[in-house]
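Keep in mind it's a predicted model, so treat the numbers as computed, not measured.
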2 protein chains.
Amino acid sequence: MSEKVKKRTLISDIAAHLEVSIATVSLVLNGKAKQSRISDAVAERVLAYVKEVGYKPNHLAKSLRTGKTHVIGLVVEDIANPFFATVAALIERQAFERGYRIIYCSTNNDTARAQELISMFQERHVDGYIVVPAADIEQQLTEILREHTPTVLFDRYLPGLPTNYVVVDGAQGIYDATSHLLEQGFSNIAFVTTDSAQTQMQDRLAGYQRAVQEHQLPQTVKHVAVSKDREAVLADLMAFIDEHRQCDALIFSTNYLSIYGLEAISRLGLRIPDDLAVISYDDHDLFRLYTPAITVIAQPVESIAKNVIDILLAELTQCASPAPRALQQVVLPPTLVVRQSSVRRAAAQGKKVRKQEAAG
Amino acid sequence: MSEKVKKRTLISDIAAHLEVSIATVSLVLNGKAKQSRISDAVAERVLAYVKEVGYKPNHLAKSLRTGKTHVIGLVVEDIANPFFATVAALIERQAFERGYRIIYCSTNNDTARAQELISMFQERHVDGYIVVPAADIEQQLTEILREHTPTVLFDRYLPGLPTNYVVVDGAQGIYDATSHLLEQGFSNIAFVTTDSAQTQMQDRLAGYQRAVQEHQLPQTVKHVAVSKDREAVLADLMAFIDEHRQCDALIFSTNYLSIYGLEAISRLGLRIPDDLAVISYDDHDLFRLYTPAITVIAQPVESIAKNVIDILLAELTQCASPAPRALQQVVLPPTLVVRQSSVRRAAAQGKKVRKQEAAG
DNA sequence: TGCGCCGGCCTAATCGTTTTAGGAACTTTA
DNA sequence: TAAAGTTCCTAAAACGATTAGGCCGGCGCA
């Protein structure tokens, strides 16, 4: 008489209670009543009873049998980064509405971890992948592709790998940002990026280079080695900024670099934009709220999410066709959002002020 | 002769190749070789071959058979909120090391969504739950508890529900913050919180009330109705601040409220801390970097994560004992991190300055 | 009356594992 | 030499669903 552990209802319980076969119940539940010529009367009884007892099929058994899990594996660089968090949230919502679930993981751009995660997703039999590829995971991805599991990359791609991808035209974004700074009268613009060799970073660098070359201006590029050691990164950046007093503007290639940059600039006691104009690639709460507000190259997050999920779901649902589908490779335009950090103030001549300080 | 889809290796393939039974392979792989008296010779051959072909068991089949998925469902309010993101990341790491995987979802404090998610986790047969409970989900949780699925709540709990939980002593945190402001000479302190009736918010409010009552000071509480409409929230906050010019300090009950608050204060052209001191519950990148840096009541994220996962794993692994385990209900202390936003500057008398401005 | 057809439902195989109950071969004991 | 142990491994029943194929009875038609 002790309190019983409530057993989960099984399809067999339903069948037994209604005195029909398990198959009948299953067919009704999967909407195959009509094509299997189950009478409406029986179908209705089944549905009514299922609803009454709140039966939920066991997804494990279902997936084992059908080979479909309706789960998509999402591998991003860092889910705590607002850019990835936002895109992930948008993707999740759309996938949910279409009956797919998302499981996410962060690689922190660590190749080994990325491999581990993809391997874990394989074990869990995800139906498809959305991946922000870390460096050197071509092999793992090749394996996935060989299994014909639908896959979409975003933010960056791996040259030479025949995959779908959705990326942003970072070269154009940075080119526009640089041009904007030049129009504002800044003439010595440095570009701060990471030491990554990945496509998105190379593109952004290329955009900077094209812009300064076109105007025959000096080119100053800083490659920051990102490490766990906050202070080391800050020290590195501060040294760079301090050693390049001739620069009057800085473009950061990604949001977390900009955050380091703002802290470095603040510690050096420099003022934005009077001493140094600043533009960041990627938007962020902080940039909107910072004083002064930071000009950014915003990525079209909604559009990225929509394209990614559309491409993936198209592949997932048209799995019937055995013919290899055409690759979808989408490049979206970013938007320059001009705020105070890159706009010359009427009153102060930033450069002059800074040189005085340096001299003092 | 066309390129073949590489079939996954099965345990039966291994068995066939080694000319042993499937059972033998399975026993060896599950470390039951010794207790099943499999000879070392066979065990080694199995392991060697498994490694060679890179066999990975099908988790779906395994889980179906054993009833264990080694997956923990994590339901938080908003995974994009740095507090939850950090705790989630810490929990994930620890769980991973102990062989468990985490799947997360955000409720956005929406009861219906929370129910949907828990229901989805039930379908997926998670082994345990970690939940930041939205309001009114007692019933769902009761159902989980009746199934004896190990569960730990955190950040807040549901009074009356006999569950494990890990929370932070928000009352003490806010009390300390209020006291600190009083010591700094601020005497008219308002408390800005949400309209939530949940325990964590009520606790924080209680801490404020105790502090002001002890000093027989006026009590000013603003309940912000958080909505999707950014501008509406901002307008509401700006109106409140504007109508309470006598206040010289503001305490915000949670990080995203503070972010709204900073924007409101900035739009009103008020200066921190001269016109208005500010303290936020919860730390955030933004608060460290803001000018001036914002004083916060920091929650012990590592400790929260460690307690949560330890309690959960203890229940998950000692499932053998049928006796109901004692409930673990942990309350951790927060830390006041004093920064410039709550410290009177020697030079300026904030209150005076502000009154002048208001008069002008 | 016999045949085919069709509507209505069920039987049973299957997905890839785990795990219990035992069985064959060999060794020891009496 | 038969009984009793050991040692090493296997057969087969689960787990909970899906789904191809089949069976049966009734109806229309010649």
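Between B:N30 and C:dT18 there is a side-chain N or O to OP1 or OP2 distance below 4.0 Å. Contact between the side-chain N/O atoms of B:S21 and the OP1/OP2 oxygens of D:dC9 is not found at any separation under 4.0 Å. For the pair A:Y55 and D:dG16, the criterion of a side-chain N or O lying under 4.0 Å from OP1 or OP2 is not met. Contact check, B:K32 against C:dT19: a side-chain N or O comes under 4.0 Å of OP1 or OP2. A close approach under 4.0 Å does not occur between any side-chain nitrogen or oxygen of B:S39 and OP1 or OP2 of D:dC8.
Taking the nucleotide of DNA chain D with the nearest heavy atom to each of B:A61 and B:E19, the more 5' of the two is matched to B:E19. With the nearest nucleotide of DNA chain C identified for both B:L27 and B:L64, B:L64 has the one nearer the 5' end.
Legend: side-chain hydrogen bond (donor to acceptor under 3.5 Å, both in side chains) pairs involving residues 25-42 of chain A, not counting sequence neighbours, sorted by first then second residue: A:S26-A:N30, A:K34-A:D40.
Between A:D40 atom CG and C:dC9 atom P there is a gap of 10 Å when expressed in whole angstrom units. Put simply, NE2 on B:H59 is 12 Å from C1' on C:dG16, counting in whole angstrom units. With rounding to whole Å, B:I11 atom CD1 is found 19 Å from C:dT14 atom P.
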Under 3.5 Å, which N/O atoms of the protein pair with N/O atoms of nucleotides 22-26 of chain C?
none

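Enclosure of atom CZ in A:R93 is not indicated, since only 12 or fewer non-hydrogen atoms of other residues, nucleotides or ligands lie within 6.0 angstrom.
Picking from C:dT17, C:dC15, D:dT10 the nucleotide with the shortest atom distance to the side chain of B:I22 gives C:dT17. In the set D:dT10, C:dT18, D:dG16, D:dG16 carries the atom at the smallest distance from any side-chain atom of A:R65. In this structure, of D:dC9, C:dC9, C:dC10, it is D:dC9 that holds the atom nearest to the side chain of B:T24. The listed nucleotides are C:dT18, C:dC9, D:dT19; the one nearest the side chain of B:T66 is C:dT18.
For the residue pair A:Q328 and A:D310, no side-chain donor N or O sits within less than 3.5 Å of a side-chain acceptor on the partner.
A salt bridge does not link A:D127 with A:R101: every distance from a Lys NZ or Arg NE/NH1/NH2 to an Asp or Glu carboxylate oxygen is 4.0 Å or more.
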* Mind running side-chain hydrogen bond (donor to acceptor under 3.5 Å, both in side chains) on A:Q329 and A:Y157 for me, showing each step along the way? => CA-CA 10 Å; A:Q329 306 187 325; A:Y157 58 91; over 6 Å; no
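Of the possible donor and acceptor atoms, one in the side chain of B:T111 sits under 3.5 Å from a partner among the backbone N and O of B:A135.
Nucleic acid contact for A:S36: base, since at least one base atom lies under 4.0 Å from a heavy atom of the residue.
Residues B:V166 and B:D155 have side chains not in contact (no heavy-atom distance under 4.5 Å, counting atoms from C-beta outward). Annotation: side chain of A:F121 is in contact with side chain of A:C105 (closest heavy-atom distance under 4.5 Å). With a 4.5 Å cut-off on side-chain heavy atoms, B:Q122 and B:E143 count as touching.
Between its two ends, the helix from C:dT1-D:dA30 to C:dA30-D:dT1 turns its axis by 70°, counting five pairs per end and rounding to 10 degrees.
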